[in-house]
There are 4 protein chains.
Amino acid sequence: MSGSVNKVILVGNLGRDPESRTFQTGGKMVTLSLATSERWKDRTSGEQRERTEWHRVVIMSEGLVTVAERYLRKGSKVYLEGQLRTRKWQDQAGQDCYATEVVLGGFNASLVLLDKAQGGPGRNDYSGYGDTPGAGGGGDAGSGPEAAADAGARDDLDDDVPF
Amino acid sequence: MSGSVNKVILVGNLGRDPESRTFQTGGKMVTLSLATSERWKDRTSGEQRERTEWHRVVIMSEGLVTVAERYLRKGSKVYLEGQLRTRKWQDQAGQDCYATEVVLGGFNASLVLLDKAQGGPGRNDYSGYGDTPGAGGGGDAGSGPEAAADAGARDDLDDDVPF
Amino acid sequence: MSGSVNKVILVGNLGRDPESRTFQTGGKMVTLSLATSERWKDRTSGEQRERTEWHRVVIMSEGLVTVAERYLRKGSKVYLEGQLRTRKWQDQAGQDCYATEVVLGGFNASLVLLDKAQGGPGRNDYSGYGDTPGAGGGGDAGSGPEAAADAGARDDLDDDVPF
Amino acid sequence: MSGSVNKVILVGNLGRDPESRTFQTGGKMVTLSLATSERWKDRTSGEQRERTEWHRVVIMSEGLVTVAERYLRKGSKVYLEGQLRTRKWQDQAGQDCYATEVVLGGFNASLVLLDKAQGGPGRNDYSGYGDTPGAGGGGDAGSGPEAAADAGARDDLDDDVPF
DNA sequence: TTTT
DNA sequence: TTTT
């Protein structure tokens, strides 16, 4: 289909440190476990309720992989933008199973750190890596996030699906 | 967690007619099967490739349920905005399975029809139902989308998960 | 036109404290001055460059007005979602002038505080006010953000346009 | 500031054909005049009201410039994603004037055609140019949108601001 | 005018 | 598993 958009925007905290994997082809990917939550007052009981959602995030862009490895930690708060992707596989009983991930790869992927002070680098001029240059002032599209992993390599990760 | 955002924006076409279900409690929900796709040139082979992603969309907001039932059909193109929600259940083999849906319910859900002429109403002044009023000119927040279904009712739908 | 979307998403810091105004009709609005900035390496010179953008944000939703007054201060970091609106007026020389604002009013407006500790309330269960309930668990759409100000009242603010 | 996001998402129709300009430096930019509108029922009078908003859109990305020139026409419906940028200048009376544009340049800019049949190319495999590859299947970031124009060149366009 |  |  032409003319489609597939976009996810999340702001939340990491439930654990990022996990890196290297492909045989040299590429790298990082997975995050990101929590978002919402609160509301129950309509009938009037009590506070809360629901936490856990998102599996897969970072494929070379630039964003670097940012994630360097600056993200368990507890980090981030803004991110990616795409939905659902993978399907058969469990031992031959049943179809599905896992949906938020993939940051290629264009229109962003990762912005929202923590005050990460204790890491002097200044975190890395953040917003995927959302930066802009053409309005001599921008430079050359150093941004790039699709890194390739399809063949990706496939052999199918078995670690249930996050 | 305070301070989180969970947002999905999709533009795509319906793979089949919307499906409605009524809860014992009187509420209603509609599910959509929405396709988005992307094309790119393969880096190595140079050939055109295409990948289609299917999204399970669940509409809970009363207003948006009405819009969906009335104006959406197989093939309709829509813009929609909702939240990610993953449900977990056990298959017969006792394995954990997951299904992620895009839920349109409560605030910040939108459904905007993008087809030229739906053949339905004289003018499609329904579209953008969830994205409209605005306060900038005597807006009216009273007739908008509202959370409809309740959790217990939702549970008995678990068996139709693999979309 | 049917079928349109007008959405702005910003993450940035307040340049000064929020400013409140009360309408004769009793409604209230709050304006924010929000900075976003981006950095990039100049393509030719190779030097770091930075560009800061200032956004005039107008909050009309009753609920979000309350949140802004209570918890936002100069320096606060926020995620917000609103709509673009351009107002036009004549300056003394009879020239057309324009001012574009990001308006948070009606549906699909959000304000999420991103600061670690605001020093205010025990817990900041206010944040995400406009992005919360969700229908997936007995949600309640009744207490959310609502369009507050009315058009007539708004008009007499036209003179403070150049922000 | 690190950690900021400046994003605009619009779906609307072009009020006139795209306008192209070439810089002395060889770069190109295209401007669009895009309408979004919303309808609501007036709270007091109960009558239908409508408000149309016109957005000035500036496309700087090389790839998106090409797409815009080739496939967009007056009346075209598009989804686009860009950034807010406000420019300031003095009118003849020495008054400060401002113009805010939605800029599509650099990363995270998208332009997706939503018309059924543009009468142009066999299939519109151009659309979604800025939102496509994705790393999940042998993606290719090399042919995407790039920042094109430079700042000096941009400046001599200041006089056509009031759109 | 913010932030790093 | 995060966060408040």
Side-chain angles (χ1 to χ4, degrees), chain A residues 10-19 31-40 48-57 67 71-80 112-129 132 162-163, chain B residues 1-6 86 88, chain C residues 10-19 31-40 48-57 67 71-80 112-129 132 162-163, chain D residues 1-6 86 88:
Chain A
L10 301 174
V11 174
N13 296 279
L14 299 202
R16 52 173 187 252
D17 287 346
E19 290 165 17
T31 58
L32 309 177
S33 185
L34 186 85
T36 58
S37 67
E38 44 181 348
R39 292 180 194 172
W40 69 95
Q48 268 289 118
R49 299 192 51 180
E50 174 161 357
R51 175 188 166 88
T52 294
E53 194 68 43
W54 287 97
H55 308 272
R56 178 175 160 89
V57 177
V67 169
Y71 304 112
L72 298 186
R73 293 290 170 266
K74 177 175 178 175
S76 295
K77 171 163 268 175
V78 293
Y79 167 100
L80 63 83
V112 178
L113 311 205
L114 298 173
D115 295 309
K116 263 274 165 60
Q118 288 82 352
R123 283 171 316 140
N124 47 348
D125 39 22
Y126 48 86
S127 91
Y129 203 84
T132 21
F163 53 109
Chain B
M1 181 201 344
S2 61
S4 65
V5 173
N6 174 355
T86 297
K88 182 187 178 180
Chain C
L10 301 175
V11 173
N13 297 277
L14 299 201
R16 51 173 188 251
D17 287 348
E19 290 166 16
T31 58
L32 309 177
S33 185
L34 186 85
T36 57
S37 68
E38 43 180 350
R39 292 182 194 170
W40 70 95
Q48 269 288 116
R49 298 192 54 177
E50 174 161 358
R51 176 189 165 88
T52 295
E53 195 68 44
W54 287 97
H55 308 272
R56 177 175 160 89
V57 177
V67 170
Y71 304 111
L72 297 186
R73 293 291 169 265
K74 178 176 177 175
S76 295
K77 170 161 266 175
V78 294
Y79 167 101
L80 62 83
V112 177
L113 311 203
L114 297 174
D115 294 309
K116 264 276 165 58
Q118 288 83 353
R123 282 172 317 141
N124 46 349
D125 38 23
Y126 48 86
S127 90
Y129 203 82
T132 21
F163 53 108
Chain D
M1 181 203 342
S2 62
S4 66
V5 173
N6 174 356
T86 297
K88 181 189 179 179

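Just so it is clear: chains get the letters A, B, ... in the order the sequence lines come, proteins before strands, and each one is counted from 1.
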| request: Could you walk me through whether C/Val78 and C/Leu72 pass the side-chain contact (heavy atoms from CB on, under 4.5 Å) test, one step at a time? | output: CA-CA 8 Å; C/Val78 294; C/Leu72 297 186; 3.3 Å; yes
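Going from atom CZ of C/Arg56 over to atom P of E/dT2 covers 18 Å, rounded to whole Å. Atom-to-atom, CG of A/Leu14 to C1' of F/dT4 comes out at 16 Å; the value is rounded to the nearest Å. One can place NZ of A/Lys77 at 9 Å from C1' of F/dT4, the figure rounded to the nearest angstrom. Between A/Glu53 atom CD and F/dT4 atom C1' the separation is 18 Å, expressed in whole Å. Per the geometry, CZ belonging to A/Arg49 stands 23 Å off P belonging to F/dT4, to the nearest Å. To the nearest angstrom, C1' of F/dT1 lies 16 Å from CZ of A/Arg51. Residue A/Glu19 contributes atom CD, which lies 14 Å from atom P of F/dT1 at whole-angstrom precision. Rounding to whole angstrom units, CZ of residue A/Arg39 and P of F/dT2 are separated by 15 Å.
Comparing F/dT4, E/dT1, F/dT1 by their closest approach to the side chain of C/Trp54 singles out E/dT1. Here the nucleotide nearest the side chain of C/Asn13, chosen from F/dT1, E/dT1, E/dT2, is E/dT2. Nearest nucleotide to the side chain of C/Ser33, out of F/dT1, E/dT4, E/dT1: E/dT1. Checking E/dT1, F/dT1, E/dT2 against the side-chain heavy atoms of A/Lys74 singles out F/dT1 as nearest. Here E/dT4 is the nucleotide among E/dT1, E/dT4, F/dT1 with the atom lying nearest to any side-chain atom of C/Glu50.
One N or O on the side chain of B/Ser4 and one on the backbone of A/Ser37 form a donor-acceptor pair closer than 3.5 Å.
Considering only heavy atoms from C-beta on, A/Arg73 stays 4.5 Å or farther from A/Leu14 through its side chain. Using a 4.5 Å cut-off on side-chain heavy atoms (C-beta onward), C/Val57 and C/Thr31 make no contact. A 4.5 Å side-chain heavy-atom check between B/Asn6 and A/Leu10 finds at least one atom pair inside the cut-off.
The base of F/dT2 is paired with the side chain of A/Thr52 by a donor and an acceptor separated by under 3.5 Å.
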